[in-house]
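Just so we're clear, the structure is a prediction, and the values are computed from it rather than from any experiment. In what follows, every heavy atom counts, from backbone to side chain, and hydrogens, waters and symmetry copies are set aside.
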Amino acid sequence: MTRSRVSLLSALALLVPLTPLALGGQASAAAPPGAAAGQAAPAAPAARAPLTVTNPGFEQGRTGWQFTSGTGVATNHPHGAARLAYLDGGPGMKVSQTVTATGRGAYDISAWIATGGPNGRYVARVNGAVAAAQTLPSASNYRRYTLSRIALAPGDTLEIAFESGDGWVNADDVMLSPASPADPRISSSDPKIVEMFDWSKRKANSWVHLPGTQGPLNVDEGHTGGSGTGAYAASYWAGYANRSGYYSRDMAHQLAGAGVLGLHAENKAMLRSFAASATRAHKYYPAWAFNFDTKTYLSIDYKSPTNFVREVPATFELVQKSEEAYRWSGDRSYIDDPALWNFYRHATDEFVTLHDGLKDNGAVKVAEGTGQGIFQGTASYNEQSSEPLAEAGDAIGSQYQAYVAMASLARSKGDCALADRYEAKARDLKAYFNSTWSGTGSGANMVRGYTTDGRALTGWGKENSWFMPMKQIVEPGARREAYLDYIDQQASGSGRPSNIEALTYLPDTFFRNNRNDTAWKWMKDVYDRKDIQHVNTKQGTNGDYPEVSFTLVGQTVEGLMGVTPNAPARTLSTQSRLPSGMDWLRIDDLRVGGSAFSLRHDGATKSSLTHGSGSSPYTWEARFPGTYATVTVDGVARPALTKVVDGLTYTYVSQVVAPGSTVTVQVG
C-alpha cells in the first residue's frame, strides 16, 4: 500500500534532490549581500557529471523513470521537497531508471527509503546482471541505503531499481557518488571492528558529491526548495542531511576519515573555501557553512558580514586540519596556495588579537567569543549551553593546536624563523593554560571556561571539557588522568550528550591520551546507536549523520592503529592502541601520499608494514609503549631507542621500507 494508507510518522526534513538533475547552467542563487570579498575565487565552469540520473527526487513526476502497475509518484510522505516514488505491497512491482555510462568509473548509488514491511529490494544492475542489491527491512522512517563501488565502462547500462516487498516502499532522493580513490580493508581477530569499519567506509563514501552534479543551493528545513541550482564541486556532506551544505566544525572532524579514503580533492576544495572566506570584513572568521558549489555561503547561517554563525574553535581547527590534510596527501598547495597560507597567518595572528580583550591573560593572547550567541561569535562549540562564555576550553585547546600546526607548516615551507616563533607561542600558551588558566583544581574542579564578567567555570561543559585533553593542552600526569576519568563518568551518566555527533569526539579524546579500552568502548557505543532516530527527527537516524561514519573510519586508523602520516617527508609512524581482547588488527590499502601500505599490529608488541606500491621508500617509525632492551627487526635484534611523547615512554625503531618490501618489528 502507499504511505497515505498507513498512519503518518512525524514528518522528516524535506530535501530537494542533491544529485545530478536534468538541468544545465550555473548557480542562480545570489551570493549573500556583502559576501563577495569573502567568497572563494570563482571556479572555471564545471564539466557535467560523467553519469547522471534524471529526476532523482521525482520532483518532475514520472520523468526518466519506469513504473509498473501498483507504483507511482505521491506527495504524502516525501523525504525531500514535494514528491516521492511509492510501491504498494506485494510481488512483482518495480520503479526503475536505466542510464548509459559515457566513461569508465566506479560509483556508489544511494537513496532514502522507508518501508511498511520487509523484503523489498534496492538493486543496481549492470548490463542486466545484478551488481549489488540490498533486501530492505521494515522501517517506516526514512533511512539512507547505498549500493557501493559499482564499476562501469563506456557503453554499460546501469539500472537503478526499487522492487516491492511485503509492505509498501517509499523511495526518494537518489544520489550518485564517485567511489573513493582508496578502498581500505580491515581484518581482525575481533569481528566487531571488521563490521564497523566496512559499514563506516561505505556510508562515508556515500556522502561524496560527484563533481559536475547540478543541485539545489540553500536548502534547509525552512526552505526545502532552496534558492536555485548550481554546479557542485568536489565536496562531501558534513552537517545535517537535510541541508545542502557542509559545515566547518563537522568537516574538520571528518577530515581524517576522508583522508583515509583518499578524498584529498574534496578536503582541499572545502578547506580552501573556508580559508578564502576569512576576510577582514569577517574579522578573519571563516564562514560557518558553504553550499556544495564551494562558493556560496549557506543562507541559513549567513545573513551579512556582521551577522553570521561563527564559533572560535572552528577557526583554529581549520588550521590544524589543513596541516593534517597536507600530511595525508603530500599536496604542496597547502603551503604554496596564497589563500590557504594567508588564512593560517591571519587565524593565528590578527584573529587572536582582534578577539582578545574581555579577559586579561597577561603575556599571552587568547581568542574570545562575545557571550552573545552563535550569530555574534561564541567561544565554544557547546551550543546547548546558555553560559555567556568569553573563553572556553575547546577554543584555547584548538588555538594551541593551531600554533603547533602553523609551526609545522612553516617548517615545511622552509621558514624556520616563523616555525620557531610558533613553537614558542604554543609552548607559552600551554604553560599559561596549565599554570594559570585552568586553575588548580582536578576532575570536576578544573576550570574549563570564563564568562564575559570574568567568572571561572568548572564542572561539566561537554565540548569545552573534553576538547582540552583531546587537543593535548593539558599536561600529562595525575591531573589529566583524573579529568579523563571525570569526562568518562559524565558522558556515561547524566551528562551524556543527547546528540550523537557530540559523542563522536570521545574516542579521539581517549585514544590521544592512550586510554585504549575507553576509546574503543565509545567507538562501539556510537556504532551501536547508528539505527536509532537522531534527536533532530528531521535528520533521520544517527547513522545517517555523516560525522558518525567518517569519524569511525578515522578513529580506526589514527586511533586503534596509531597511524600518523607524513607524506611530504615520506615518513609514517605507528603505534598499536588495540584494546583488551583484540589480539590483532590489519589494514590493507592504506594510502599515504602516492603510496599504498598494509599494516598489522599483533597486540602491543609486534607490527608489520608492507609498502605495496609507490615510487619512493618511506621511513617507518614503529613505536611500542614501554621500555624494552632490544628491538627485533625482521628477526635481527638491535639496541632499542626510547623517547617520551606527551608523557608516555615509547620504545621505537626507524626503518626504511622500500616499495614492494615488508618489515616486521617486535619488542619483548
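Ring-plane geometry between H209 and Y232 is classed as perpendicular, the angle between the planes exceeding 60 degrees on a 0 to 90 degree scale with a lower cut at 30. Using a 30° and 60° split on the angle between ring planes, F308 and Y285 fall in the perpendicular class, above 60°. Ring pair F292/W237 is perpendicular by interplanar angle, where above 60° counts as perpendicular and below 30° as parallel.
Between R515 and D485 there is a salt bridge, since a side-chain N of the basic residue sits under 4.0 Å from a carboxylate O of the acidic one. At a threshold of 4.0 Å, the pair K413-D415 does not count as salt-bridged, since none of the basic side-chain nitrogens sits closer than that to a carboxylate oxygen.
By the 6.0 Å contact criterion, CZ on R496 is enclosed, its count of non-hydrogen atoms from other residues, nucleotides or ligands being greater than 12. Under a cut-off of 6.0 angstrom, the local environment of NZ in K268 is sparse, with at most 12 non-hydrogen atoms contributed by other residues, nucleotides or ligands. Within 6.0 Å of atom NZ in K521, more than 12 heavy atoms from other residues, nucleotides or ligands are found, so the atom counts as buried in its surroundings.
For the residue pair N361 / E391, a side-chain donor-acceptor distance below 3.5 Å is found, with atom types taken as modelled. Checked by atom type, the side-chain pair Y545/N499 shows no donor-acceptor distance below 3.5 Å.
Judged by distance alone, with hydrogens and angles left aside, the side-chain atoms of H355 form no donor-acceptor pair with the main-chain N or O of Y284 at under 3.5 Å.
Put simply, the side chain of L418 reaches to within 4.5 Å of the side chain of R345, judged on heavy atoms.
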Original post:
Given the rule in the side-chain contact (heavy atoms from CB on, under 4.5 Å) test, do D428 and Y403 qualify, once you have shown the distances and angles that lead to the verdict?
Top reply: CA-CA 10 Å; D428 291 346; Y403 286 164; over 6 Å; no
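Evaluated for a ring-ring contact (aromatic ring centres under 6.0 Å, His included) with W466, the options W460, Y381, F510 yield exactly one hit, W460. With F274 as the fixed residue, the ring-ring contact (aromatic ring centres under 6.0 Å, His included) test singles out one of F290, F343, Y344, Y297: F290.
Both the sub-6.0 Å distance and the 45° axial angle are satisfied by K530 relative to the ring of Y527.
The aromatic ring centroids of Y486 and Y483 lie less than 6.0 Å from each other.
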